[in-house]
Undergrad: 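Okay, here's the structure, questions in a sec.
Nothing fancy with the numbering, it's 1 onward along the sequence.
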Amino acid sequence: MTKLLAAAALLSTTAPAALAQNAPKPPVAATKPYQVKAPFGATRNDEYYWLRDDTRKNPEMLAYLNAENAYADAMLAAQKPIAEKLYGEIVGRIKQDDSSVPYLRRGYYYYTRFATGADYPVIARRKGSMTGPEEVLLDQPAMAKGHSFFSTAGTRVSPNNQLLAFGEDVVGRRQYVLKIKDLATGKMLSDSIPNVEPGFAWGADNKTILYVEKDPTTLLGKRVKAHVLGTPASADKLLYEEKDETFYMGIGTTSSDRFVCIYLHSTASDEQRCAPTTNPAAFQVIAPREREFLYQADHLGDRWIIRTNWQAPNYRLMTVNEAHASHGRAMWQDLVPTSDIVFIENFQPFNNFLAIEERAGGNKRVRVLQPGGKSEAVASDEPAFAMTLGTNEEPDSDWLRYTYDSLVTPNTTYEVNYKTGERRVLKVQPVPGYDASKYVTERVWATARDGTKIPVSLVHAKGFKKDGTAALFQYAYGSYGYSSDPAFQSALPSMLDRGMVYAIAHIRGGQEMGRAWFDQGKMLNKKNSFTDFVDVTRHLVANGYAAKDRVGAMGGSAGGLLMGGVANIAPKDYKVLVAQVPFVDVVTTMLDTSIPLTTGEFDEWGNPAQKQYYDYMLSYSPYDNVAAQAYPAMYVSTGLWDSQVQYYEPTKWVARLRAKKTDSNPLVYRINMEAGHGGKSGRFERYRQQAEWTAFVLDQLEVK
């Protein structure tokens with residue numbers, strides 16, 4: 001409490017007598033006039049712009065953040081016992097000494113395993129079978145010691161199985177360092193390259209490694225370079241540089257392992273450049289970029305298979321013989337035609353069949369395409385579920401691996417034989433103490449104000465009565481075409497066992513219902529995402545799933561934008577909102593191309609340098625539309641080192657809410673001073689914050 005008042009006093013004009021009261025007082029950020037200008041002449045005053053500090057060293061800014069954390073501690077102190085209880089329940093449903101299902105690649109079985117109490121897994125392999133001696137690739141618990149944040153990504157073993165490339169991040173800003181480990185000796189090589197994307201590709205010579213170098217300011221992938229082991233990074237050869245900052249860039253190897261490809265993607269355009277792994281410098285374009293033309297290509301055998309929206313809004317699969325690949329789209333032939341009701345999301349080629357991941361009726365499912373053209377979707381007994389293609393590294397296999405889960409069913413790994421249809425369970429994610437028969441999942445359809453039917457995935461305890469008295473917690477994302485699948489969550493039973501209903505609103509902006517679903521929730525249609533969410537809430541309340549005054553909601557990142565928009569347009573529909581790393585300062589951020597990821601998102605939100613988009617974005621931007629009105633109780637969180645939604649967006653939003661809102665509902669702001677967009681690293685750390693905000697939600701919704 002003393003720390004809170006001392007820090008808040010530096011910034012507040014509140015009288016000392018008021019600060020001395022027993023009740024905690026929220027920090028008050030200083031206001032400093034600042035004009036944000038658009039290229040066409042529009043200006044806006046941003047009195048909290050000063051809270052932005054790209055160095056993250058400004059003492060006044062840090063004092064404010066520390067004051068907010070201290071205030072959060074004080075406000076949440078009474079709920080700490082229930083938060084600890086919830087944390088115990090959640091982690092109690094996680095098998096501590098767990099391991100992944102091994103997969104085979106080039107004679108080795110790869111897997112990860114957790115030791116009891118460990119925050120990070122050991123990545124390991126065994127040669128020939130799982131009975132052979134274990135070879136540890138990365139002992140992450142040991143590697144993480146001494147770091148407040150730790151993450152590895154992009155692990156890739158060389159073709160001769162002797163070297164491991166991986167990216168390491170100890171800050172949380174997704175600026176990885178490429179490192180190489182000699183698996184024969186267990187020693188790290190001296191090669192180390194900073195500021196790279198976490199994705200790598202080996203040349204066939206086992207000594208050339210390709211990587212994507214990031215722009216240090218925007219953090220966009222800019223250049224593909226080739227590093228030869230044992231040589232200085234300064235000598236790395238530049239293979240490709242992307243000049244258009246609306247494109248994201250990645251690199252990888254085809255299923256055949258014969259080609260390394262540069263993947264260039266924007267919201268409205270794709271381009272793929274591939275070179276033989278034997279000569280990973282002779283890149284050729286599969287198809288040149290073109291506005292509104294999207295595609296991804298994979299190679300196996302003597303052909304390329306391409307997923308594309310070319311004359312197919314919901315995508316189709318096409319193929320072209322390797323010998324004709326350089327002749328352009330005119331040589332492509334239909335393999336799986338497009339459909340008005342089925343959206344093709346992904347595919348995996350095998351030597352003898354093709355696996356397809358598709359969406360139909362709001363659910364994601366898997367289909368197996370036989371050589372003769374016969375295909376069959378894998379069946380499910382639940383109304384709302386998600387199937388996902390698993391790790392399939394051996395294209396000569398007759399078995400397809402995929403995963404299945406729902407809001408009731410824990411993640412289950414299956415494999416199915418394409419010839420016989422035989423299906424076998426490889427693993428059901430163990431959930432200690434969990435009994436799936438105690439819960440029921442539903443799929444309902446809510447009617448939006450424009451008549452569109454919105455799918456909703458629900459879960460509640462068996463025996464639940466739709467009498468309009470229950471508490472509801474509703475989630476959505478609704479941006480970038482990312483779909484919110486009804487996946488199992490170990491934290492959900494803690495809500496359901498207390499009589500709550502949990503709902504996922506599959507609002508426009510995702511792709512649950514196809515590409516048109518995405519198009520209707522972005523750019524000049526973005527407000528559909530907000531109104532869809534509100535209309536789902538009202539439908540559930542009207543149909544007895546919840547009491548009108550017992551509704552909570554949550555969203556993160558672009559879903560945090562959703563929460564901010566909903567808070568402004570329908571504050572009376574919600575008792576409590578949780579906004580995690582929320583993208584709430586839309587116009588100012590999108591006007592500043594120096595901010596990481598801005599330019600790559602013009603086709604998602606619009607470019608506010610153009611008046612049409614400026615005006616529309618300004619009309620819903622949560623920060624710009626904070627009003628002198630009553631707001632729900634709120635729990636807001638961020639990470640100081642977030643590279644995707646900069647910490648100052650939610651910081652300014654909270655400051656303005658504190659200054660303008662007319663209610664006495666609690667507004668709690670939790671800042672992780674040592675993490676980025678995903679919060680603290682470690683297997684269990686994220687559940688501590690989840691337990692904290694869940695306790696806050698239960699208290700506000702009067703859930704016992």
Side-chain angles (χ1 to χ4, degrees), residues 24 26 68 71-72 75-76 78-79 82-83 468-478 495 500-505 507 527 529-542 545-584 620-638 649-670 689-690 692-703:
E68 284 287 2
Y71 178 69
M75 291 295 291
L76 299 173
Q79 294 148 31
I82 185 62
T469 64
L472 166 69
F473 195 59
Q474 182 174 310
Y475 170 83
Y477 185 75
M495 290 187 176
M500 295 182 67
V501 176
Y502 179 78
I504 299 176
I507 58 176
K527 291 182 187 178
S529 300
F530 309 145
T531 55
D532 283 358
F533 190 87
V534 174
D535 293 342
V536 166
T537 300
R538 292 173 180 173
H539 173 89
L540 295 177
V541 169
Y545 284 99
K548 181 176 176 59
D549 59 351
R550 300 188 73 196
V551 178
M554 183 185 75
S557 195
L561 161 68
L562 173 69
M563 291 300 100
V566 162
N568 285 331
I569 67 173
K572 294 181 180 179
D573 286 82
Y574 302 91
K575 186 69 180 295
V576 58
L577 297 176
V578 178
Q580 297 179 313
V581 291
F583 174 45
V584 286
Y620 69 75
S621 171
Y623 179 60
D624 291 289
N625 287 280
V626 171
Q629 64 177 2
Y631 282 90
M634 292 189 192
Y635 180 107
V636 183
S637 66
T638 193
E649 289 199 39
T651 302
K652 296 194 306 178
W653 183 49
V654 167
R656 188 173 277 182
L657 280 167
R658 292 208 187 284
K660 289 197 171 187
K661 73 189 190 83
T662 60
D663 59 88
S664 59
N665 296 323
L667 169 56
V668 173
Y669 186 32
R670 176 65 77 198
Q689 182 172 329
Q690 185 169 15
E692 182 176 89
W693 62 251
T694 301
F696 180 77
V697 168
L698 296 184
D699 181 65
Q700 293 301 312
L701 298 182
E702 300 180 357
V703 175

Undergrad: In Å and rounded to the nearest 0.5 Å, what is the CH2 to CG distance from W653 to L657?
TA: 5.5 Å
Undergrad: CG/D549 to CD/Q700 distance, rounded to the nearest 0.5 angstrom?
TA: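 One finds 12.0 Å between CG of D549 and CD of Q700.
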Undergrad: With salt bridge (Lys or Arg N to Asp or Glu O under 4.0 Å) as the rule and sequence neighbours excluded, what pairs involving residues 560-573 come up?
TA: R538-D573
Undergrad: Could you tell me which non-hydrogen atom of G555 sits nearest to which non-hydrogen atom of Y475, and how far apart they are?
TA: CA-CE1, 4.3 Å
Undergrad: For K575, what residues pass the salt bridge (charged side-chain N to carboxylate O under 4.0 Å, His left out) criterion, not counting sequence neighbours?
TA: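 For K575 there are no salt bridge (charged side-chain N to carboxylate O under 4.0 Å, His left out) partners, ignoring immediate neighbours.
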Undergrad: Indicate the atoms forming the closest heavy-atom contact of I569 with V534, along with that distance.
TA: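 In terms of heavy atoms, the two residues are closest at CD1-CG2, 4.3 Å.
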Undergrad: Take atom CD of Q629 as the centre, draw a 6.0 Å sphere, and report whether it contains more than 12 heavy atoms from other residues, nucleotides or ligands.
TA: yes
Undergrad: Nearest heavy-atom pair of R656 and Y623: which atoms, and what distance?
TA: NH1-O, 2.9 Å
Undergrad: Please determine whether side chain to side chain contact (heavy atoms under 4.5 Å, CB included) holds for the pair M634 and K661, giving the CA-CA distance in whole Å, both sets of side-chain angles, and the decisive distance to 0.1 Å.
TA: CA-CA 12 Å; M634 292 189 192; K661 73 189 190 83; over 6 Å; no
Undergrad: Could you give me the CA-CA distance, side-chain angles and deciding distance for V697 and Y635, then say whether side chain to side chain contact (heavy atoms under 4.5 Å, CB included) is met?
TA: CA-CA 8 Å; V697 168; Y635 180 107; over 6 Å; no
Undergrad: What pair of heavy atoms forms the shortest contact from A630 to P571, and how long is it?
TA: O-CB, 3.4 Å
Undergrad: Is there a donor-acceptor pair under 3.5 Å between the side chain of N625 and the backbone N or O of S621?
TA: yes
Undergrad: Going by the salt bridge (Lys or Arg N to Asp or Glu O under 4.0 Å) test, which pairs reach into residues 620-631, not counting sequence neighbours?
TA: R44-D624
Undergrad: Can F530 and I507 be said to form a side chain to side chain contact (heavy atoms under 4.5 Å, CB included), step by step?
TA: CA-CA 8 Å; F530 309 145; I507 58 176; over 6 Å; no
Undergrad: Evaluate the criterion side chain to side chain contact (heavy atoms under 4.5 Å, CB included) for residue pair R670 and W693; output intermediate values, then yes/no.
TA: CA-CA 10 Å; R670 176 65 77 198; W693 62 251; over 6 Å; no
Undergrad: Measure the shortest side-chain to side-chain distance between M500 and L698 over non-hydrogen atoms and say whether it is less than 4.5 angstrom.
TA: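 With C-beta onward as the side chain, the pair touches.
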